[in-house]
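The figures that follow rest on heavy atoms only: side chains count, while hydrogens, waters and symmetry mates do not. Every chain is numbered from 1, with letters handed out A, B, ... down the list of sequences. Quick caveat: nothing in here was measured; it's all calculated off a predicted structure.
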Amino acid sequence: MNNADVAATLSEVAALLDLKNESGFKVRAYYNAARAVDGLAEEIRDVAARGSLKNIKGVGSSTAERIDELLQTGSMKYLESLRSEFPSGVRDLLGVPGVGPSLARRVYQELGVESVEQLREASEDGRLAALSGLGEKTAQNVLRNLSRANKRESRISLGKALPVVEELMQALENKAPLRQLTTAGSLRRWAPTIGDIDLMATSVDPDRVMEVFVSLPQVSQVLAHGSTKSAILTDNGLQVDLRIVPDESFGALLQHFTGSKDHNIELREYSLHRGLSLNEYGIAEVETGQRRTFDDEHAFYEALEMAYIEPELRQGAGEIAAARARSLPDLVTTRDIRGDLHAHSEWSDGSVPIESMVEAARARGYEYMAITDHSGGIGLAGGLNPERLLEQIGYIRRLDASLEGFRLLSGSEVDIKRDGSLDFPDELLAQLDWVIASVHSGFTQTREQMTDRIIRAIENPHVDAIAHPTGRLIGRREPYEVDLERVFETAARTGTALEINSFPDRLDLVDTHARRARELGVMLVVNTDAHSPLHLDNIIYGIAMARRAWVEPEGVLNTLPFSELRAQISCVER
DNA sequence: GCCGTTTTCGGCCCGACTGTTTTCAGTCG
């Protein structure tokens, strides 16, 4: 029973309470608790073990008791009793866009609908439209939405969304009379996954911009078309909303639609206590109704007497208090990165010669790079055997010696075997400048086995870092079970760095874990795991995770100039 | 059900849009 399981259970309680027409506040309380548990950097069982469940913001004494029961017995009586009131299929109805708790409850109670399929039948044969307060349009809406993706499972990775958005924005800028155009929402906050895409604009001719927008070649369906708001579906199924407002409202609008929801709720609750009401048009005094507008976000936050908050930090995770105290972190940027310490070449599964990777790194302005081709023990990804590695070390040394103003490090992404031993003997690892170890097999080991395995690798003095520490692949593979708290404590003690892997499918460590690692004194390293020169550009995603984790430049190993980096790692003298 | 720089009780973010209604409830972000 991990954090995600507990969160899912609390969400189900919330959904069932919602179906039952319980107080919306109670429903929200359970959803809040679910989100809080899901975003927890620590394992909830550890929190429960020391009796600190109630210290989680959003978890009170009642929910804490139920979580305790769930962890100890594997089930929750409260949930079981709620489940007995609604067949399991009724809850699935909530996944259909446009179907909320009220409609789901009524079709179940009044029509006996117990599944999505039965909802379709009731919409087609007129029984849905016959319900009081509903009509034919509602039935048509439901039918149309039944073919769309489940509203809870339709998120795509940041890396898939961003190229689509950039192409759309470019097309718009080429053809429409825009003054300003920017992203908002989860994309602007660099969330690891994106639901839909929000674009914000100002223009001298909004109608013309909207005309262009809904007529773009990428558009497969127009969902709405107005002068201030339009929405489309792209040919790859992504929903894109475009909003246009007057210049003087742009700051408030951008703030509103950047979110996150948690951030905005907390910001509005805070402001309300100060007699101010916030919305997308500006800041109003509650007593007088007088409203101020803002053409940029900095002024908006300053008007609330707090520092500007970077979008990546807007998660309702303490950033508002820090902004009031003027103690926000000085976040790391891509400009701080001086080298990449996880890159592959055609010696293993990369696509180009080492020289091409070096050229690409230099073109980015980097000072150094480590080539870390795979070890080959389990025949994975064309990995190197000891003989080939020795050959590569010699090759890299000669190449490095020929380079002016750039250091090429001889490294390895060495496989951590099931027992925690490494794929190369220590004598061989000792010859390398940089060793990054990682798990590529045996993902189903128990939590204890996996934790011991990784800790043993961390404790090897030749290991400089652990790559993609949880092994997750977004949308394809869950992270393996591992006690990250113990991993972090060990890494902090041994001075071993943990990676934020920038590959859009990985983003591992994720922000909440990276933040916890830093709290425990772990050094991070932000790498791309590049298998081609183009992949070096993925550094933006890793940096985004670091920024969402409140990480400053001094928390990232590869912001160091080479002269300081070499003192931290087992680098061979040139 | 949670929470406290007014509060341990009485609040709980805010508005757009839709469809069904003659003033509002439901859904969404």
Arg243(A) CZ to dC14(B) C1', straight-line distance once rounded to whole Å: 13 Å

Electrostatic pair Arg243(A)-Glu280(A), nearest N-O below 4.0 angstrom: no

What is the distance from CG of Asp262(A) to P of dC14(B), rounded to the nearest Å? 16 Å

Would you indicate what Arg66(A) reaches in the nucleic acid, counting non-hydrogen atoms under 4.0 angstrom: base, sugar-phosphate, or nothing? sugar-phosphate

Under 5.5 Å between ring centres and under 30° between planes: true for Phe25(A) and the base of dC12(B)? yes

Looking at every strand, decide which applies to Tyr30(A) at a 4.0 Å heavy-atom threshold: base, sugar-phosphate, or nothing. sugar-phosphate

Checking all strands, does Lys57(A) fall into the base, sugar-phosphate, or nothing category for heavy-atom contacts under 4.0 angstrom? sugar-phosphate

Looking for any heavy atom pair under 4.0 Å, which part of the strands does Val27(A) touch: base, sugar-phosphate only, or nothing? nothing

Looking at every strand, decide which applies to Glu280(A) at a 4.0 Å heavy-atom threshold: base, sugar-phosphate, or nothing. sugar-phosphate

Pairing residues for Tyr78(A) by the ring pair (Phe, Tyr, Trp, His ring centres under 6.0 Å) criterion, not counting sequence neighbours: none

So what does Gln239(A) hit on the nucleic acid, given a heavy-atom distance under 4.0 Å: a base, only sugar-phosphate, or nothing? nothing

Evaluate the side-chain proximity of Gln255(A) to Tyr301(A): yes if any heavy-atom separation is below 4.5 Å, no if none is. yes

Between dG1(B), dC12(B), dT6(B), which nucleotide gets closest to the side-chain atoms of His273(A)? dT6(B)

Separation of dG19(B) atom P from Leu103(A) atom CG, nearest Å, is 13 Å

Euclidean distance, atom NZ of residue Lys20(A) to atom C1' of dG1(B) [Å, nearest integer]: 14 Å

Are any of the side-chain heavy atoms of Tyr541(A) and Trp190(A) separated by less than 4.5 Å? yes

Rounded to whole angstrom units, what separation is found between the CG atom of Leu93(A) and the C1' atom of dT27(B)? 15 Å

Quantified in whole Å, what is the C1' atom distance between nucleotide dT6(B) and nucleotide dG11(B)? 12 Å

Proximity to the side chain of Lys137(A) - top-ranked nucleotide from dG29(B), dC12(B), dG19(B): dG19(B)

Under 4.0 Å, heavy atoms only, any strand: does Ser277(A) hit a base, just the sugar-phosphate, or nothing? sugar-phosphate

Distance, rounded to the nearest Å, where Lys229(A) contributes NZ and dG29(B) contributes P: 9 Å

It should be established whether Tyr281(A) places a side-chain nitrogen or oxygen under 4.0 Å from OP1 or OP2 of nucleotide dA16(B). yes

Under 4.0 Å, counting only non-hydrogen atoms across every strand here, what does Leu267(A) touch: a base, just sugar-phosphate, or nothing? nothing

Can you measure Phe257(A) atom CZ to dC28(B) atom P for me and round it to whole angstrom units? 16 Å

Rounding to the closest angstrom, what is the interatomic distance between dG10(B) and dA16(B) at atom P? 32 Å

Under a 3.5 Å threshold, yes or no: a donor from one side chain and an acceptor from the other, between Gln140(A) and Glu136(A)? yes

Just call it for Asp241(A): base, sugar-phosphate, or nothing, with non-hydrogen atoms closer than 4.0 Å on any strand. nothing

Would you mind telling me which of dT5(B), dG15(B), dC14(B) lies closest to the side-chain atoms of Arg291(A)? dG15(B)

Check Glu117(A) with Arg120(A), please: is the shortest side-chain N to carboxylate O separation under 4.0 Å? yes

For dG1(B), does either OP1 or OP2 sit under 4.0 Å from a side-chain N or O belonging to Asn32(A)? no

Whole Å only: how far is the CD1 atom of Ile56(A) from the P atom of dC3(B)? 10 Å

Sugar-phosphate, base or nothing in reach of Gly58(A), heavy atoms under 4.0 Å: sugar-phosphate

Base, sugar-phosphate alone, or nothing: which one does Asn264(A) contact when heavy atoms must sit under 4.0 Å apart? nothing

